Amino acid sequence: MNKIQYELLPDGCGFCAKVQGHNISEITFIKIGLDKLMIEHTFVESGYQRLPVVLDLVSHVVELARTQHRKVLNRCSTAQNIFIGHPEFDDVLLMNSH
């Protein structure tokens with residue numbers, strides 16, 4: 001399988017995963033004030049759903065939140081499942097957001 005590359009979206013409000021330049025997955029968020037991000041949506045193209053693409057995308061959002069000193073709110077059930085299974089992300093998760 002080809003290597004997956006991750007990129008910040010041009011508007012700075014999400015990340016995409018690409019294989020050979022083709023967008024296979026995306027996570028989007030909105031910035032709320034100076035200290036919060038709200039994950040709104042994730043998408044994974046069929047055929048890539050068994051790969052850890054969503055975990056990697058959530059990891060990118062978590063790292064961005066950490067570097068920008070933000071907390072994460074979550075409105076996306078797919079991302080919520082990642083947070084539930086990965087307590088190492090709890091430091092950025094705003095209380096009671098999942």
Side-chain angles (χ1 to χ4, degrees):
M1 179 166 270
N2 295 309
K3 182 173 172 30
I4 300 172
Q5 297 177 320
Y6 297 90
E7 299 175 4
L8 186 64
L9 294 176
D11 67 0
C13 289
F15 290 92
C16 66
K18 294 184 176 188
V19 172
Q20 293 183 324
H22 176 71
N23 192 352
I24 61 158
S25 186
E26 189 171 282
I27 189 167
T28 59
F29 55 81
I30 58 173
K31 295 177 181 178
I32 301 172
L34 298 173
D35 63 347
K36 293 177 201 69
L37 298 174
M38 183 185 314
I39 297 174
E40 291 193 298
H41 180 72
T42 57
F43 162 79
V44 181
E45 190 176 278
S46 122
Y48 293 94
Q49 294 168 340
R50 294 192 180 267
L51 298 177
V53 176
V54 174
L55 171 59
D56 292 343
L57 289 170
V58 169
S59 295
H60 278 76
V61 173
V62 166
E63 287 306 312
L64 180 70
R66 286 175 178 150
T67 60
Q68 293 182 355
H69 307 288
R70 293 179 185 262
K71 292 291 184 178
V72 175
L73 294 155
N74 189 16
R75 287 187 18 191
C76 173
S77 61
T78 304
Q80 179 178 344
N81 290 333
I82 299 294
F83 278 101
I84 289 170
H86 294 274
E88 66 271 23
F89 297 154
D90 285 354
D91 63 305
V92 299
L93 197 58
L94 196 62
M95 291 290 280
N96 301 321
S97 70
H98 71 339

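All figures in this text were calculated on a predicted structure; none of them were measured in a lab.
- Residues Tyr48 and Val53 share a closest heavy-atom pair of O-CG2, 4.2 Å.
- Residues His22 and Gln20 have side chains that never bring a donor and an acceptor to within less than 3.5 angstrom of each other.
- Phe43 and Leu55 are members of different hydrophobic clusters when ILVMFWY side chains are connected at heavy-atom separations under 4.5 Å.
- Asn23 and Ala17 make their closest contact through OD1-O, 3.2 Å (heavy atoms, listed as atom of the first residue, atom of the second, distance).
- Here Leu51 contributes atom CG and Ile24 contributes atom CD1; the two are 6.5 Å apart, rounded to the nearest 0.5 Å.
- Among all heavy-atom pairs drawn from Val72 and Leu93, the shortest one is O-CD1, 3.6 Å.
- Ring geometry, Phe89 versus Phe83: the interplanar angle exceeds 60°, so the pair is classed perpendicular (tilted spans 30 to 60°).
- Here CD of Glu26 is found 11.5 Å from CD of Glu45. Values are rounded to the nearest 0.5 Å.
- Distance check: Cys13 SG to Glu40 CD gives 9.0 Å after rounding to the nearest 0.5 Å.
- The CZ atom of Arg66 sits 9.5 Å away from the NZ atom of Lys71 when rounded to the nearest 0.5 Å.
- Closest heavy-atom contact between Ile32 and Met38: CD1-CE, 3.3 Å.
- Applying the side-chain contact (heavy atoms from CB on, under 4.5 Å) test between Asn74 and each of Ile39, Leu94, Val58 identifies Ile39 as the sole match.
- To the nearest 0.5 Å, the span separating NE2 on His41 from CD1 on Ile27 amounts to 9.5 Å.
- Between the Arg70 side chain and the Leu64 main chain, no donor and acceptor come within less than 3.5 Å of each other.
- Scanning all heavy atoms of the two residues, the minimum distance from Leu8 to Gly14 falls at CD1-O, 3.2 Å.
- Under the 4.5 Å side-chain criterion, counting only non-hydrogen atoms from C-beta, Leu9 is in contact with Cys16.
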